[in-house]
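What follows is one structure encoded as structure tokens, with my remarks underneath.
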Amino acid sequence: MDEEIAIWRPVVNGILTYSEACEMHPRDLAKANILVDRMIKEQKQAANKSRG
């Protein structure tokens, strides 16, 4: 994953501040991005359930 995308995704999604993301170890930043993926997936599932 592109390093800048890895930094901005958690920031845009409200998980981290920009300064926190910049100071994180790449492995921890990857974990934050996994959290973002999970959060987006759960939001999509919730939206689908509310429509159904």
Side-chain angles (χ1 to χ4, degrees):
M1 181 182 290
D2 184 36
E3 188 176 327
E4 244 178 72
I5 293 171
I7 288 174
W8 279 106
R9 281 186 78 219
V11 174
V12 170
N13 287 283
I15 293 177
L16 299 170
T17 64
Y18 181 73
S19 55
E20 287 172 333
C22 288
E23 294 171 4
M24 285 184 98
H25 187 278
R27 183 180 62 233
D28 295 331
L29 201 52
K31 288 179 184 176
N33 274 279
I34 290 169
L35 260 176
V36 171
D37 291 339
R38 191 176 299 153
M39 194 174 78
I40 291 170
K41 184 178 177 183
E42 287 174 0
Q43 288 173 350
K44 284 182 182 176
Q45 287 175 344
N48 287 342
K49 284 181 183 176
S50 68
R51 282 189 217 141

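For the numbers below, each heavy atom of this structure counts, side chains included, while hydrogens, waters and symmetry mates do not.
Partners of E20 according to the side-chain contact (heavy atoms from CB on, under 4.5 Å) rule, which considers only residues two or more places apart in sequence or in another chain, are L16, T17. Residues forming a side-chain contact (heavy atoms from CB on, under 4.5 Å) with V36 (at least two apart in sequence, or on another chain): R9, P10, N13, I15, I40.
Pairs engaging residues 9-33 under the ring-ring contact (aromatic ring centres under 6.0 Å, His included) rule: W8-Y18 [sequence neighbours left out]. Note on residues 31-52: no pairs pass ring-ring contact (aromatic ring centres under 6.0 Å, His included), not counting sequence neighbours.
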Residues 43-52, side-chain donor-acceptor partners within the protein, below 3.5 Å, at least two apart:
from: N48; atom 1: OD1; to: R51; atom 2: NH1; distance (Å): 3.4
from: N48; atom 1: ND2; to: K44; atom 2: O; distance (Å): 3.4
from: S50; atom 1: OG; to: A47; atom 2: O; distance (Å): 2.8

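Both I7 and V12 are assigned to one and the same hydrophobic cluster, defined by single-linkage of ILVMFWY side chains at heavy-atom distances under 4.5 Å.
Considering all non-hydrogen atoms of both residues, N33 and A6 come closest at ND2-O, 2.8 Å.
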